[in-house]
Visitor: 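First the structure, which I've put down as structure tokens, then a few questions once you've had a look.
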Amino acid sequence: MKTSDTRRAIATAPEDRQQRSRFSLRFRDHLEPDRKKLYNEELFTTVAPRYDFITRAMSLGRDWAWKRRLIDMLPHEDAPFCVDLACGTGDVSLMLTEKYPRGRVLGLDLTRPMLEIARRRRIPGNLRFEQGDMSATGLEPGSVDVVTGSYALRNAPSLATALAEVHRILRPGGIAAFLDFSKPAAQPAQLLEYWILKSWGSIWGLALHGNAEVYAYIAESLRVFPDRAGLRAAVADAGFQVVAARQFYFGVMEILVFLKR
């Protein structure tokens, strides 16, 4: 990442000053599903203008490579219908159109400012973006071949509800693949990961928004998320079979691929 890019991102523009004064929610006060959905809407509205930059910065430039690996782990199909949940600014959605040029891709996100940025990209004819809830997509049962998500399941207001919706819309034998932070089973490792993410996120939250909570929330959200074994159990309980997994950064990040039984 170039120094000039970092300076431009941290520079305080009028829009940034407005965002600094607006976001004041705390993740710990928004754990119930309805309140967590509200938190997500407010948070990602705030971070949308800086989202692409911060995903690169906080991953030390590896975010794009992880998402590319997620796409590479998907099966080869001729013309699948793909849904990218919590699509954000649309990078994975675009990667799906490259992998499946004869397929159709729908990018869904709860936050309108994220979608506005996504729609400013050069969008191929087989991709569309819509505002929608990953836990209630409104899609027909069994109508989807591939579901993807980056940093999606951890942010779902209810993990069980989100997994149930993924199961509902996927056809039998359909594939889902998710990239997210991963929580180890051992308590000392959890504590170490928590403080690393808390500190790293706080630095960037203060630098870009004047509010440590904006990115320190990642550590808080992972704290109440299942560990790796617990997540796999939740996936199995929802009617899926894990078929592939890949960890990065000593297990801090993981791609999990599962099939609808």
Side-chain angles (χ1 to χ4, degrees), residues 51-53 55-56 59 61-111 114-132 134 137-156 162-163 165-182 231 235 238-249 253-261:
Y51 185 76
D52 288 334
F53 169 81
T55 53
R56 292 193 302 271
S59 67
R62 298 301 298 163
D63 174 73
W64 187 91
W66 297 334
K67 290 172 178 175
R68 175 57 63 187
R69 179 55 63 93
L70 180 150
I71 296 296
D72 290 343
M73 292 172 71
L74 295 173
H76 294 286
E77 296 196 23
D78 182 36
F81 177 32
C82 308
V83 176
D84 186 27
L85 298 175
C87 68
T89 60
D91 47 3
V92 170
S93 301
L94 284 166
M95 291 179 188
L96 285 167
T97 67
E98 295 169 2
K99 185 177 181 74
Y100 303 117
R102 290 166 51 86
R104 295 178 294 128
V105 179
L106 170 63
L108 282 180
D109 199 275
L110 188 66
T111 312
M114 286 286 199
L115 293 172
E116 290 172 353
I117 296 171
R119 289 170 179 145
R120 291 201 292 265
R121 296 177 182 268
R122 183 174 295 179
I123 302 174
N126 63 337
L127 169 62
R128 74 182 194 274
F129 292 108
E130 292 183 3
Q131 189 171 10
M134 66 179 293
T137 64
L139 296 169
E140 291 296 320
S143 62
V144 180
D145 301 295
V146 176
V147 171
T148 57
S150 302
Y151 318 117
L153 291 180
R154 177 180 45 82
N155 287 321
L163 287 172
E165 179 67 358
V166 174
H167 189 274
R168 186 187 71 82
I169 65 176
L170 272 177
R171 64 168 172 80
I175 288 287
F178 289 90
L179 165 69
D180 215 324
F181 292 89
S182 181
L231 179 58
V235 166
F240 297 101
Q241 175 186 350
V242 174
V243 294
R246 177 68 186 269
Q247 294 179 8
F248 308 93
Y249 275 165
M253 305 297 301
E254 184 176 42
I255 295 169
L256 202 62
V257 183
F258 42 92
L259 175 147
K260 178 176 176 178
R261 295 195 294 259

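All figures in this text were calculated on a predicted structure; none of them were measured in a lab.
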Visitor: With rounding to the nearest 0.5 Å, note down the distance linking NE2 in H76 to OH in Y100.
Guide: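 Answer rounded to 0.5 Å: 7.5 Å.
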
Visitor: Determine whether I71 and V92 make a side-chain contact, defined as any pair of heavy atoms from C-beta on separated by less than 4.5 Å.
Guide: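 Counting from C-beta outward, I71 and V92 do come under 4.5 Å.
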
Visitor: Could you report the tightest heavy-atom contact between R168 and E140, atom names first, then the distance?
Guide: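 Here R168 and E140 meet closest at NH1-C, 4.1 Å.
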
Visitor: With no hydrogens and no angle check, do the side chains of S182 and Q247 hold a donor and an acceptor under 3.5 Å apart?
Guide: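 No donor-acceptor contact under 3.5 Å links the two side chains.
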
Visitor: Show the numbers, then the answer: is there a side-chain contact (heavy atoms from CB on, under 4.5 Å) between T137 and L108?
Guide: CA-CA 8 Å; T137 64; L108 282 180; 3.9 Å; yes

Visitor: Is it true that E254 and R69 make a salt bridge, defined as a side-chain N closer than 4.0 Å to a carboxylate O?
Guide: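 No.
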
Visitor: I want to check a possible cation-pi pair here: R104 against F81, using under 6.0 Å from ring centre and within 45° of the ring axis as the test.
Guide: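 Pair R104/F81 counts as cation-pi.
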
Visitor: How many angstroms lie between CG in L153 and CG in L231, if you round to the nearest 0.5 Å?
Guide: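 If I round to the nearest 0.5 Å, the distance is 7.0 Å.
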
Visitor: Should D63 and K67 count as an ion pair when the cut-off is N to O under 4.0 Å?
Guide: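 Salt bridge: yes.
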
Visitor: So I255 and M73, do their side chains get closer than 4.5 Å, heavy atoms only?
Guide: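 Contact flag for M73/I255 side chains = yes.
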
Visitor: Where is the tightest heavy-atom contact between A245 and L256, given as atom of each residue plus distance?
Guide: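 In terms of heavy atoms, the two residues are closest at CB-CD1, 3.8 Å.
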
Visitor: Is it true that a side-chain atom of Y249 and a backbone atom of S59 form a donor plus acceptor pair closer than 3.5 Å?
Guide: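 Here the side-chain-to-backbone pair exists.
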
Visitor: Evaluate N126 against T97 for side-chain hydrogen bond (donor to acceptor under 3.5 Å, both in side chains), listing each step before the verdict.
Guide: CA-CA 7 Å; N126 63 337; T97 67; 4.7 Å; no

Visitor: So do L115 and I117 actually touch side chain to side chain, heavy atoms under 4.5 Å?
Guide: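 No. Closest side-chain heavy atoms not under 4.5 Å.
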
Visitor: Do W64 and T55 come within less than 4.5 Å of each other through their side chains, counting heavy atoms only?
Guide: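 The answer is no; the side chains never approach within 4.5 Å.
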
Visitor: Let's go through Y51 and D91 carefully: what are the C-alpha distance in whole Å and the side-chain angles of both, what is the deciding distance for side-chain hydrogen bond (donor to acceptor under 3.5 Å, both in side chains) to 0.1 Å, and is it a yes or a no?
Guide: CA-CA 11 Å; Y51 185 76; D91 47 3; over 6 Å; no

Visitor: Could you check if a side-chain atom of L163 sits within less than 4.5 angstrom of a side-chain atom of F258, using non-hydrogen atoms only?
Guide: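 Yes; the side chains approach each other to less than 4.5 Å.
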
Visitor: May I ask you to decide whether R102 forms a salt bridge with D78, counting only side-chain N to carboxylate O separations under 4.0 Å?
Guide: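 Yes, R102 and D78 are salt-bridged.
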
Visitor: How far apart are the closest heavy atoms of L96 and C82, and which atoms are they?
Guide: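 Residues L96 and C82, closest heavy atoms: CD1-CB, 4.1 Å.
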
Visitor: Less than 4.5 Å apart, side chain to side chain, heavy atoms only: is that true for D180 and M253?
Guide: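 No, side chains not in contact.
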
Visitor: How about T148 and L85: do any of their side-chain heavy atoms sit closer than 4.5 Å?
Guide: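 No; the side chains remain at least 4.5 Å from each other.
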
Visitor: Measure from the side-chain N and O atoms of K260 to the backbone N and O of G174, and report whether any donor-acceptor pair falls under 3.5 Å.
Guide: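 The answer is no, because no donor-acceptor pair under 3.5 Å joins these two groups.
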
Visitor: Walk me through whether R128 and E130 qualify under side-chain contact (heavy atoms from CB on, under 4.5 Å).
Guide: CA-CA 7 Å; R128 74 182 194 274; E130 292 183 3; 2.8 Å; yes

Visitor: Looking at F240, is its backbone amide N or carbonyl O close enough to the side chain of R261 to form a donor-acceptor pair, meaning the two atoms are under 3.5 Å apart?
Guide: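 Yes, the answer is positive, given that a donor and an acceptor are paired below the 3.5 Å cut-off.
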
Visitor: Looking at G90 and A118, what are the two nearest heavy atoms and their distance?
Guide: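 Minimum heavy-atom separation between G90 and A118: N-CB, 4.1 Å.
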
Visitor: Apply side-chain contact (heavy atoms from CB on, under 4.5 Å) to M114 and R119, showing your working.
Guide: CA-CA 9 Å; M114 286 286 199; R119 289 170 179 145; over 6 Å; no

Visitor: How far apart are the closest heavy atoms of L74 and A177, and which atoms are they?
Guide: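 Minimum heavy-atom separation between L74 and A177: CD2-CB, 3.7 Å.
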
Visitor: So K99 and E77, side-chain contact (heavy atoms from CB on, under 4.5 Å) or not? Walk me through it.
Guide: CA-CA 9 Å; K99 185 177 181 74; E77 296 196 23; over 6 Å; no

Visitor: Taking the ring centre of each residue, are W66 and Y151 less than 6.0 Å apart?
Guide: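 For W66 and Y151, the ring centres are not under 6.0 Å apart.
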
Visitor: Roughly how far, to the nearest 0.5 Å, is CZ of R68 from CG of L179?
Guide: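 Here the rounded value is 13.5 Å.
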
Visitor: Would you check if the side chain of Q131 reaches a backbone N or O of L110 as a donor-acceptor pair within less than 3.5 Å?
Guide: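 Indeed, once roles are kept as given, a pair shorter than 3.5 Å links the two residues.
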
Visitor: How about D109 and T89: do any of their side-chain heavy atoms sit closer than 4.5 Å?
Guide: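 The answer is no; the side chains never approach within 4.5 Å.
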
Visitor: Grab the two heavy atoms, one from P124 and one from L94, that are nearest each other, plus how far apart they are.
Guide: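 Of all heavy-atom pairs spanning P124 and L94, the closest is CD-CD2, 3.7 Å.
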
